[in-house]
Amino acid sequence: MRLLARRKTPQNLDFLTFDAEMNLCISSYRALGSRTQLIGKDTVEVYGIERAIHSADVPITWQVYFLPDGHLSSRVQVGSPVTLTVSQMPILSEPEEEDPKPVFEKKPLAWEEDAELYSQFLERKEELTSAHQTYLRRHPELKALLGDFMQFLLLRKPEDVITFAAEFFGPFASARERSETFRSAMAASNDCPGTR
């Protein structure tokens, strides 16, 4: 309750608990807000919380007020004529100062200077180069096709190269195959680490 008072608890909180007869029931906490209280010669602001044990046998409710640092200032059981009150002002503890969050400066990633990263880069580069060369060797028609396209492109010199390429390569596939090829090309580009 001290922690709830220091943190200014929300309006309603409910928890499972046991009553005096060890029966499972609900314990609720409700904020009573702030008020002033006279302690000795000092008038101080206190914050109240009402705690209720919703027992099937005998429900019990307490109203408890706390000083800003969590010291108990008064406590009363609802329905009881007795009120417990602090008679003299305690020494208030200072609020704990939170340590400042550490700031980590971002350092530029110089992967060319990092031996491990540079080694991984070279391995991946050799891997890709080898895979590309193997693919070109298995498909010699690719060089002829690209050569024809480049020659036709340089002869026509179109303003819109993308549309020109789509019209040039369009007859090589049906509409269904074109859409599937486009999807597979996009999936391949998403899977390639260098394109992310």
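Since we're looking at a predicted model, the values are computed, not measured. Heavy atoms only: backbone and side chains are in, while hydrogens, waters and symmetry mates are out.
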Just list the side-chain donor-acceptor pairs under 3.5 Å for residues 70-82, sequence neighbours left out, or say none.
from: H71; atom 1: ND1; to: D69; atom 2: OD1; distance (Å): 3.1
from: H71; atom 1: ND1; to: D69; atom 2: OD2; distance (Å): 2.7
from: S73; atom 1: OG; to: Q37; atom 2: OE1; distance (Å): 3.1
from: S73; atom 1: OG; to: Y65; atom 2: O; distance (Å): 3.0
from: S80; atom 1: OG; to: V82; atom 2: N; distance (Å): 3.3

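Counting heavy atoms from C-beta on, the side chains of I26 and T17 never come closer than 4.5 Å. Counting heavy atoms from C-beta outward, T61 and R51 have side chains that stay 4.5 Å or more apart. Side-chain contact check for F149 versus F152: every heavy-atom pair is 4.5 Å or farther apart. Between D57 and N23, the closest side-chain pair of non-hydrogen atoms falls below 4.5 Å. Under the 4.5 Å side-chain criterion, counting only non-hydrogen atoms from C-beta, F169 is not in contact with F164. Between I49 and R30 the shortest side-chain heavy-atom distance does not fall below 4.5 Å. Counting heavy atoms from C-beta outward, L153 and V161 have side chains that approach closer than 4.5 Å.
For CZ of R156, the number of neighbouring non-hydrogen atoms (other residues, nucleotides, ligands) closer than 6.0 Å is 12 at most. Applying the 6.0 Å contact sphere to CD1 of I162 captures no more than 12 heavy atoms from other residues, nucleotides or ligands. Within 6.0 Å of atom CD in E112, more than 12 heavy atoms from other residues, nucleotides or ligands are found, so the atom counts as buried in its surroundings. Shown here is E113, whose CD atom has no more than 12 heavy atoms of other residues, nucleotides or ligands within 6.0 Å.
Taken from CD in E50 to CG in N12, the straight-line distance is 10.0 Å, to the nearest 0.5 Å. Atoms CG and CD, on L136 and E141 in that order, are 10.0 Å from each other to the nearest 0.5 Å. Here the NZ-CG distance, from K157 to L155, works out to 7.0 Å after rounding to the nearest 0.5 Å. Once rounded to the nearest 0.5 Å, the distance linking CD of E45 with OG1 of T36 reads 8.0 Å.
T129 places a side-chain N or O within donor-acceptor distance of the main-chain N or O of K125, the cut-off being under 3.5 Å. Under a 3.5 Å cut-off, the side chain of D114 and the backbone N or O of E116 do form a donor-acceptor pair. A donor-acceptor pair is defined here as one N or O able to donate and one able to accept, closer than 3.5 Å; no such pair exists between the side chain of K143 and the backbone of P140. Remark: side-chain polar atoms of S119 are not paired, donor with acceptor, to backbone N or O of A115 under 3.5 angstrom.
Taking hydrophobic clusters as Ile, Leu, Val, Met, Phe, Trp and Tyr residues chained together by side-chain heavy-atom distances below 4.5 Å, L38 does not share a cluster with L84. Linking ILVMFWY residues whenever their side-chain heavy atoms come closer than 4.5 Å, directly or via other members, places M22 and L16 in the same cluster. Note: the hydrophobic cluster containing F18 does not contain Y29 (ILVMFWY, side chain heavy atoms under 4.5 Å, direct or indirect links).
The shortest heavy-atom contact between I53 and C25 is CG2-SG, 3.7 Å. When all heavy atoms of I39 and M89 are compared, the pair lying nearest together is CG2-N, 3.5 Å.
Just one of R138, H139, H132 meets the side-chain contact (heavy atoms from CB on, under 4.5 Å) condition when paired with Y135; it is H139.
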Exercise. For E126 and E123, what are the C-alpha separation, side-chain angles and deciding distance, and is it a side chain to side chain contact (heavy atoms under 4.5 Å, CB included)?
Worked result: CA-CA 5 Å; E126 289 173 10; E123 286 177 12; 5.6 Å; no
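Looking at H54 and S28, their side chains do bring a donor and an acceptor atom within 3.5 Å of each other.
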